[in-house]
Amino acid sequence: MSAVRVRFAPSPTGKFHVGLARTALFNFLFARHEGGEFLLRIEDTDAGRSRIEFENEIMDVLTWLGIQWDETPLRQSDRLEIYKKEAFDLVETGKAYRCFCRHDISEKARKAIQEQGGQLGCSGACPGLDPSEISHRVSRGDPFVLRLLTPPGVTTFRDMVFGEITVDNSEMGDFVLLRSDGTPVYHLAVVIDDESMGVTHVIRGVDHLKNTAKHIQLYAALGGNAPVYAHLPMILGPDKQKLSKRHSLVPEGDRRRVLHLVEEYRDAGYLSDALVNFLALLGWSPGSGEELLSRNELVKEFMIERASKKDAIFDPEKLTWMNGYYIRSLSPERFSECCLPFLERADLISLANSAEVEYARCVLPLIQERAKTLADAAELTEYFFLKAPVMEEKAVRKHLTRPGAADKLRRLKSVWESLPAFTLEATEESLRGMAEEMGLSPGKLIHPTRVAMTGRMKGPGLFELAAALGRERVLERLEWATAIAQ
RNA sequence: GUCCCCAUCGUCCAGCGGUUAGGACUCCGGCUUUUCAAGCCGGUGACACGGGUUCGACUCCCGUUGGGGAUGCCA
C-alpha cells in the first residue's frame with residue numbers, strides 16, 4: 001500500500017479567500033486522517049499576474065489556520081524547462097502536434113463563439129501537416145502551440161464525491177499544452193507536477209470536475225498513473241453567487257455581508273479555530289451530528305466520502321455564533337491576550353503602557369462571554385478606558401432623569417466612600433443593605449448605578465463592574481451622574 | 001448552443017425503500033438573572049414539479065424546471 005500524498009496548489013495571483021481555505025483544509029484533514037502527507041505547490045506559471053507578496057500570504061494564512069505543510073513547497077516557475085521538454089517529447093511520440101492556427105481573439109469574441117457553440121481550437125489541418133512543411137514554418141519563425149492529439153472515444157473516471165463521470169473526448173478537443181511562448185498551460189503543469197510529486201489524491205473545486213478528463217488523457221499520453229480525484233462543491237455568498245470581493249463590499253451590518261478573504265476574518269477578530277470548524281462543516285459533516293469540533297477531532301472524523309455534492313452558501317451568522325463559542329471556551333488569560341491588539345487598534349490602550357495593559361487584562365474577562373468577535377471587545381469595554389463614559393441618551397432618560405435618582409446616587413456614593421475595602425462583596429452587601437433600608441428592590445438602585453458607571457443599560461454584573469473600575473473611578477462617575485440626574 | 005454536475009426548513013447538515021422527516025444557525029416565546037450575554041425548555045419552518053418502478057417512495061429510474069460549472073495560448 002502506498003501512503004497518501006495530497007497537495008494544495010494555489011496560484012499567487014490574488015488574496016487568499018475562504019474558498020481556497022476550504023480546499024486547503026479538506027486536503028489537510030484528509031491527509032492527516034489517512035496518516036499521509038500534505039504538500040504545497042505554488043502555481044506561478046502566469047508570470048504577469050503572480051506576485052511574491054501573494055505567495056507569502058498563502059504561507060501566512062495556512063500557518064494561521066493551523067494547516068502545516070510537509071516538505072519544501074514546489075514552485076512551478078522553477079520547472080518551466082521540464083514542462084517544455086515533456087511537451088516536445090509528446091510531439092516526438094506522436095501524441096501531440098504543432099498547431100500554427102492563430103487564436104489570439106478578444107474575450108468578447110471568444111464568448112460570442114462559445115454562445116453559438118462554435119469551436120475555438122485548431123482548424124484541423126495541423127495534425128496532418130507534412131514534416132517538411134512544419135520544419136519550413138518553424139525555421140521561418142511562425143509561432144505555434146503544442147496541442148494534445150486527443151484520441152476518439154470517452155473518458156470515464158470515478159470521483160470520490162461525485163461518483164462516475166463520463167466525458168466525450170470530442171468535448172475537450174485537442175487542447176493546448178504549450179503556449180507559443182513556450183510556457184505550459186495549467187493542465188500540463190498540474191499533471192506533470194502531481195506525477196513527479198507522487199500525489200495520490202487530488203482534492204479540488206468542482207470547477208475542475210470536467211477538466212479532470214483532460215488530465216486523465218494527459219496521464220495516458222505521458223504514461224503515468226492518474227491519482228484518485230475528489231471534487232468539492234463551490235462556496236457561494238448569500239446571494240447564491242460565487243463568493244467574491246463584492247460580498248465584502250456590502251455595507252456593514254447588512255445581513256448579506258460576507259467577508260471573503262481569510263485576512264478580513266482575522267482582522268475582524270475571528271479565531272482560526274472557529275473559521276476552520278465552520279469551513280469544515282461547509283460541504284461535510286461527521287456521521288455523529290456533532291458540530292463543534294476541534295482540529296484534532298476533525299482529523300479523527302474526516303472522511304471525504306461524506307462530502308456533499310451541493311454548493312454551500314456561506315452563512316456569516318453561523319460563523320459568528322461559532323466564533324462566540326470558541327471565544328467563550330478560551331481561558332480568561334488567553335482571551336485577554338488576544339483582545340489587547342484590538343483595544344489598541346480602537347485607541348483605548350497603548351500596548352507600550354504596562355499599567356493600561358494590566359487594567360485591560362483585569363477588565364476583559366468581564367465581557368468574554370458577551371463577545372462574538374475579538375473586535376467586539378473594544379466596543380464592550382470602551383467605558384472602562386474612557387475618562388468619562390459616553391452616556392446613552394435612552395439610558396439616561398430611563399434611569400437618571402427620574403425623581404429620586406440623584407438622591408439614590410448621592411446616598412450610595414457616601415456609603416461606598418466609607419467602605420473599608422472596595423471589593424465585590426462589600427459593594428454588593430452595602431448596596432443591598434441600602435436598598436432594604438430604603439424599602440426598594442435592589443434593581444431600583446442597581447440600574448441607575450450601572451448607567452452612572454457605564455453610561456449603558458447592559459453589561460457585566462454591577463459589582464464586578466465596580467470592583468474592576470475601582471473606587472476612585474466609581475465615586476467620580478457617581479458624582480457626575482448625580483449632576484445629570486435630579 | 002453543446003456537454004458535465006447539483007436539487008430536504010431562510011441557511012448549513014442528517015436521512016441512503018417503511019421516520020410524527022432529525023440536529024445546528026437565525027427568528028419567536030418561556031425559565032433563570034440587577035441588565036445584557038451565556039445556559040436551559042419550547043415554537044415557527046423543508047423533501048422544486050410531473051411521470052414511472054414498488055405492497056410502500058424524500059430515498060431508485062425518466063422527464064421538466066431552477067441553479068452551478070466546462071467549453072481559453074486563465075488557473
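Labels below follow one simple rule: chain letters A, B, ... track the order of the sequence lines, proteins then strands, and each chain is numbered from 1. Note: hydrogens, waters and symmetry copies are ignored here, and every other heavy atom, side chains too, is used. Since this is a predicted model, take the numbers as computed values, not measurements.
- When each of Leu236(A), Leu282(A), Ile235(A) is paired with Asp311(A), the side chain to side chain contact (heavy atoms under 4.5 Å, CB included) condition holds for Leu236(A) and for no other.
- Note on Thr166(A): only backbone sugar-phosphate atoms sit closer than 4.0 angstrom, heavy atoms only; bases stay farther off.
- Under 3.5 Å, the side chain of Ser180(A) and the base of C73(B) form at least one donor-acceptor pair of N or O atoms.
- Look at CD1 on Ile216(A): it is 14 Å from C1' on C4(B), rounded to the nearest Å.
- Pairing of G66(B), defined by two Watson-Crick or G-U wobble distances under 3.5 Å, is identified with C6(B).
- Under 4.0 angstrom from either OP1 or OP2 of A38(B) there lies at least one side-chain N or O belonging to Lys372(A).
- When the side-chain nitrogen and oxygen atoms of Lys458(A) are compared with OP1 and OP2 of U34(B), none of them lie within a distance under 4.0 Å.
- Between Phe278(A) and Phe314(A), the distance from one ring center to the other falls under 6.0 angstrom.
- With a cut-off of 3.5 Å on both pairing distances, U59(B) has no Watson-Crick or G-U wobble partner at all.
- As judged by a 4.0 angstrom heavy-atom cut-off over every strand, Pro143(A) is placed among residues making no nucleic acid contact.
- Taking the C1' atom of each, A14(B) and U19(B) are spaced 12 Å apart, rounded to whole Å.
- Remark: the separation of the P atoms in G23(B) and G42(B) is 10 Å, to the nearest Å.
- Nucleotide C36(B) forms a pair with no other nucleotide shown, judged by Watson-Crick or G-U wobble geometry with both contacts under 3.5 Å.
- Here the two rings, on Phe26(A) and His231(A), have centers that are 6.0 Å apart or farther.
- Both distances falling under 3.5 Å, in either a Watson-Crick or a G-U wobble arrangement, occur for no nucleotide opposite C16(B).
- Between the side chain of Lys210(A) and the base of C3(B), at least one donor-acceptor pair of N or O atoms lies under 3.5 Å.
- A distance of 6.0 Å or more separates the ring centres of His260(A) and His247(A).
- For an aromatic pair to be called close, the ring centres must be under 6.0 Å apart, and Trp69(A) with Phe8(A) fails this.
- The residue Val176(A) sits close only to the backbone: its heavy atoms come under 4.0 Å of sugar-phosphate atoms, none of a base.
- Across all strands shown, Asp181(A) has no heavy atoms under 4.0 Å from either base or sugar-phosphate atoms.
- Nucleotide G42(B) has C28(B) as its partner under the Watson-Crick or G-U criteria, with both atom distances under 3.5 Å.
- In this model, the phosphate group of A75(B) is approached by a side-chain N or O of Thr45(A) to a distance below 4.0 Å at OP1 or OP2.
- Rounded to a whole angstrom, the distance from the C1' atom of G67(B) to that of G52(B) is 25 Å.
- Between Tyr186(A) and His208(A), the two ring planes are parallel [angle under 30°; tilted spans 30° to 60°].
- One P atom belongs to U2(B), the other to G15(B), and the distance between them is 35 Å to the nearest Å.
- U71(B) is paired with G1(B) under the criterion used here, namely a Watson-Crick or G-U wobble arrangement in which both key atom distances are under 3.5 Å.
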Chi angles and distances behind the side chain to side chain contact (heavy atoms under 4.5 Å, CB included) call for Ile304(A), Trp284(A): CA-CA 8 Å; Ile304(A) 193 79; Trp284(A) 178 83; over 6 Å; no

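- Following rounding to the nearest Å, Asp174(A) (CG) and C73(B) (P) show an atom-to-atom distance of 12 Å.
- Asp239(A) has its CG atom 14 Å from the P atom of G67(B), to the nearest Å.
- Within the 4.0 Å cut-off from OP1 or OP2 of G39(B), at least one side-chain nitrogen or oxygen of Arg328(A) is found.
- When the nearest nucleotides of RNA chain B are assigned to Lys318(A) and Leu282(A) by heavy-atom distance, the more 5′-ward of the two goes with Leu282(A).
- Rounded to whole Å, atom P of G69(B) lies 17 Å from atom CD of Glu171(A).
- Nearest-nucleotide assignment on RNA chain B puts the 5′-proximal partner with Phe162(A), out of Phe162(A) and Phe100(A).
- Considering only side-chain N and O atoms, Arg204(A) lies nowhere under 4.0 angstrom from the phosphate OP1 or OP2 of G69(B).
- If you check every strand for non-hydrogen atoms under 4.0 Å, Gly461(A) touches a base.
- For Gln241(A), no side-chain nitrogen or oxygen approaches OP1 or OP2 of G67(B) to under 4.0 Å.
- Residue Lys310(A) places no side-chain atom within donor-acceptor reach of the base of A7(B), judged by atom type and a 3.5 Å distance cut-off alone.
- Phosphate proximity of C36(B) to Arg450(A): absent, as no side-chain N or O sits under 4.0 Å from OP1 or OP2.
- Backbone-only contact: Glu43(A) has heavy atoms under 4.0 Å from sugar-phosphate atoms and none from a base.
- Separating the P atom of U44(B) from that of G29(B) is a span of 15 Å, rounded to the nearest Å.
- If you check every strand for non-hydrogen atoms under 4.0 Å, Leu281(A) touches sugar and phosphate atoms only.
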